[in-house]
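Since the structure comes first, as structure tokens, the remarks are kept for the end.
For ligands, and for the atoms within them, numbers begin at 1 and follow the listed sequence. Values reported hereafter were calculated over all heavy atoms of this structure, with side chains retained and with hydrogens, waters and symmetry mates removed. From a predicted model like this one, the values you see are computed outputs, not experimental measurements.
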Amino acid sequence: MRVPDHGKLTPWRFVTVGHDQRDALAALLRQALAEEDPDAKDAHFAKEDEFAHYAGQLVVLISAPIEGHKIPVWEQQLSCGTVGMNLLLAAHALGFVAGWVTGWRAYSPKVNAAFCGPGERIAGFIFIGHASRDLEERERPELSAIWKAWEPPERQSE
Ligand SMILES: Cc1cc2nc3c(=O)[nH]c(=O)nc-3n(C[C@H](O)[C@H](O)[C@H](O)COP(=O)(O)O)c2cc1C
């Protein structure tokens with residue numbers, strides 16, 4: 001929770017889903033999927049059931065910005081993003097493996113209603129546990145591709 005937070009608004013919070021609540025989560029996802037995607041296939045329902053029962057601890061990160069505050073909502077959402085990253089780093093530093101996942105569930109009105117209050121939204125489902133296999137590295141951007149020195153705009157002619 002020690003993150004950059006302009007205005008010290010704490011515009012984020014956590015909800016944990018216990019192992020004994022995973023069946024309830026699966027039921028929620030099933031209902032939401034059925035309502036929001038009438039064409040959803042069995043394989044999709046099975047995937048959601050698997051998601052709800054992923055091993056490890058499940059922390060749902062909630063973005064809870066204050067609308068109309070002088071600190072823009074964008075900055076409050078950025079602060080929430082730093083919480084997610086901190087949670088991943090902290091978990092890894094403690095010897096766990098953690099993953100941040102969203103997918104349709106994070107944007108589902110029904111799923112959001114089950115976790116969030118007014119004005120809030122799900123920022124991610126963060127699973128924390130142990131790796132069942134070696135982690136694979138993925139491609140990372142080259143620094144040269146995402147960095148350039150600032151070029152000041154041409155001085156306007158006076
Ligand atoms: C907001 C957000 C949502 C994400 N949602 C997913 C997701 O739904 N599924 C997924 O495979 N990866 C998702 N990712 C990416 C993973 O968190 C992660 O970056 C990816 O699995 C590769 O892991 P690595 O970055 O540690 O190499 C998401 C990342 C962010 C920041």
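- Pocket lining of ligand 1, defined as residues with a non-hydrogen atom under 4.0 Å away: Trp100, Val101, Thr102, Gly103, Arg138, Arg140.
- A salt bridge links Glu35 to Lys110: at least one charged side-chain nitrogen sits closer than 4.0 Å to a carboxylate oxygen.
- A salt bridge does not link Glu48 to Arg30: none of the charged side-chain nitrogens sits closer than 4.0 Å to a carboxylate oxygen.
- Note that CE of Met85 and CH2 of Trp100 are 8.5 Å apart. Values are rounded to the nearest 0.5 Å.
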Pair Gln77, Ser63 - check side-chain hydrogen bond (donor to acceptor under 3.5 Å, both in side chains), show working. CA-CA 6 Å; Gln77 291 169 330; Ser63 168; 4.8 Å; no

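- Here the CG atom belonging to Leu78 is positioned 11.5 Å from the CG atom belonging to Asp5, to the nearest 0.5 angstrom.
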Quiz: residues 122-135 side-chain donor-acceptor pairs under 3.5 angstrom, not counting sequence neighbours:
none

